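Quantities reported herein were computed from a predicted structural model and do not represent experimental measurements. We name chains A, B, ... by the order of the sequence lines, and we start the count at 1 in each one. Below, all heavy atoms of this structure are taken into account, side chains as well, without hydrogens, waters or symmetry copies.
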Protein chains: 2
Amino acid sequence: MELTLERCEVECLHPQHVGPLIGRVISSGDAEEVVTTFDLLADPTRARILHALSLADELCVCDLAWLLGLSQSGLSHQLRLLRERRAVERRRAGRIVYYRLRDCHIRRLVRDALRHAREPRPRAREAV
Amino acid sequence: MELTLERCEVECLHPQHVGPLIGRVISSGDAEEVVTTFDLLADPTRARILHALSLADELCVCDLAWLLGLSQSGLSHQLRLLRERRAVERRRAGRIVYYRLRDCHIRRLVRDALRHAREPRPRAREAV
DNA sequence: ACGATACATGAGCGATGGTTCATACATGGA
DNA sequence: TCCATGTATGAACCATCGCTCATGTATCGT
């Protein structure tokens, strides 16, 4: 029994494998949520910004730029993006603006990111 | 005491905050590792592919395409990228090719991704 | 051997994203 | 009030990315 061609132009070959999965793969909404979250760390500049902020309580823009070797303008663009995605928040003191990680959710994400990056993979077969 | 202008064109304002962080922010190598890992899930198509594979032992290309509503060609491109980044591996049976998650490291990453996406954030301030 | 099927890949295209440059805005010091 | 400093933002540019289309390759059935 072939399942009907409703999803795309190909047929389903193993309905007994696919049947139980229908409706269980993440929805578009959840997929977007995953993408938004993981995109925070899918850029080397953002990864280093978030990591630096995870090591300190808060840092001002020019200190962050200095520490990471970034231009002030480039850093400000990324900080705006991180603010919009609710990963960081800012506090103004005169003309100095301090940034910090927004909550423990982001802090844990950064920690997990480092752990994933550094832990050895299980020994894997070479073929790709 | 101002730290010297070696990193970029701006000065460092708070050397007492920045000093302890020098050398502790992730290196370029680690940052690239984080990016490679998190980029796997920073795309809705890849996120759904990996999630579908996490729900089944293995799936063939046309079943995956059918289940996710993707074109065979687009899916194959993404599978090649996932193979190259050692997230999935494949097994050929005649002209059918089955894909599966490569190891428990990827499986845990996908599980964590879903948990991150679905758990409520701490109640956050509105201002961005 | 030939045709069908499953899958892979390259080229092309449009969209997206990151950085630089220039400039604007907010604040503080003289 | 004026100038300096810290920060933010828009425009432009260039590189990258994801998908479609067309086609190639491997395998199976007749």
I need the minimum non-hydrogen distance between B:Val35 and A:Ala42, along with the two atoms involved. CG1-O, 3.5 Å
D:dT9 phosphate, OP1 or OP2, under 4.0 Å from A:Arg83 side-chain N/O: yes
What is the distance from atom CG of A:Leu79 to atom CD1 of A:Ile49, rounded to the nearest 0.5 Å? 5.0 Å
Kindly say if A:Thr45 contacts the phosphate of C:dT19, meaning a side-chain N or O under 4.0 Å from OP1 or OP2. yes
If you measure only the distance, is there a donor-acceptor pair under 3.5 Å linking the side chains of B:Tyr98 and A:His14? yes
Could you state the CD-C1' distance from B:Glu84 to C:dG10, rounded to the nearest angstrom? 13 Å
Between B:Arg92 and A:Leu79, which has a closest nucleotide on DNA chain D that is more 5'? A:Leu79
Selected nucleotide, minimal atom distance to A:Ile96 side chain, candidates D:dT9, C:dA8, D:dG6: D:dG6
Nucleotide nearest A:Arg95 when distance is taken to its side chain, options C:dA4, D:dG6, C:dT9: D:dG6
Nearest listed nucleotide, side chain of B:Gln72, among D:dG18, D:dC28, C:dC7: C:dC7
Starting at the 5' end of DNA chain C and moving along, which residue's nearest nucleotide shows up first, A:Leu75 or A:Ala93? A:Leu75
Separation of atom CZ in B:Arg80 from atom P in D:dC19, rounded to whole Å: 13 Å
Using the six-membered ring wherever Trp is involved, compare the ring planes of B:His116 and A:His105 and label them parallel, tilted or perpendicular (cut-offs 30° and 60°). perpendicular
Rounded to the Å, how far apart are B:Asp39 CG and C:dT16 P? 17 Å
Checking only heavy atoms, does the side chain of B:Ser73 share a donor-acceptor pair with the base of C:dC7 at less than 3.5 Å? no
Under 4.0 Å, counting only non-hydrogen atoms across every strand here, what does B:Gly74 touch: a base, just sugar-phosphate, or nothing? base
Short side-chain N/O contact from B:Arg90 to OP1 or OP2 of C:dA8, under 4.0 Å: yes
Figure out the CG/C1' separation between A:Asp43 and D:dC17, and round it to whole Å. 14 Å
NE2 of B:His77 versus C1' of D:dT16: gap in Å, rounded? 15 Å
Using whole Å, report how far CG of A:Leu82 lies from P of D:dA8. 12 Å
If you look at every heavy atom in A:Ala47 and A:Leu41, which pair is closest and at what distance? CA-CD2, 3.8 Å
Please give, in whole Å, the distance from C:dT27 P to A:Tyr98 OH? 15 Å
Please determine whether a side-chain nitrogen or oxygen atom of A:Ser76 lies at a distance below 4.0 Å from atom OP1 or OP2 of D:dT7. no
Please report the distance, rounded to the nearest Å, between CG in A:Leu13 and C1' in D:dC28. 13 Å
Could you tell me whether the phosphate oxygens of C:dA8, OP1 or OP2, come under 4.0 Å of any side-chain nitrogen or oxygen in B:Tyr99? yes
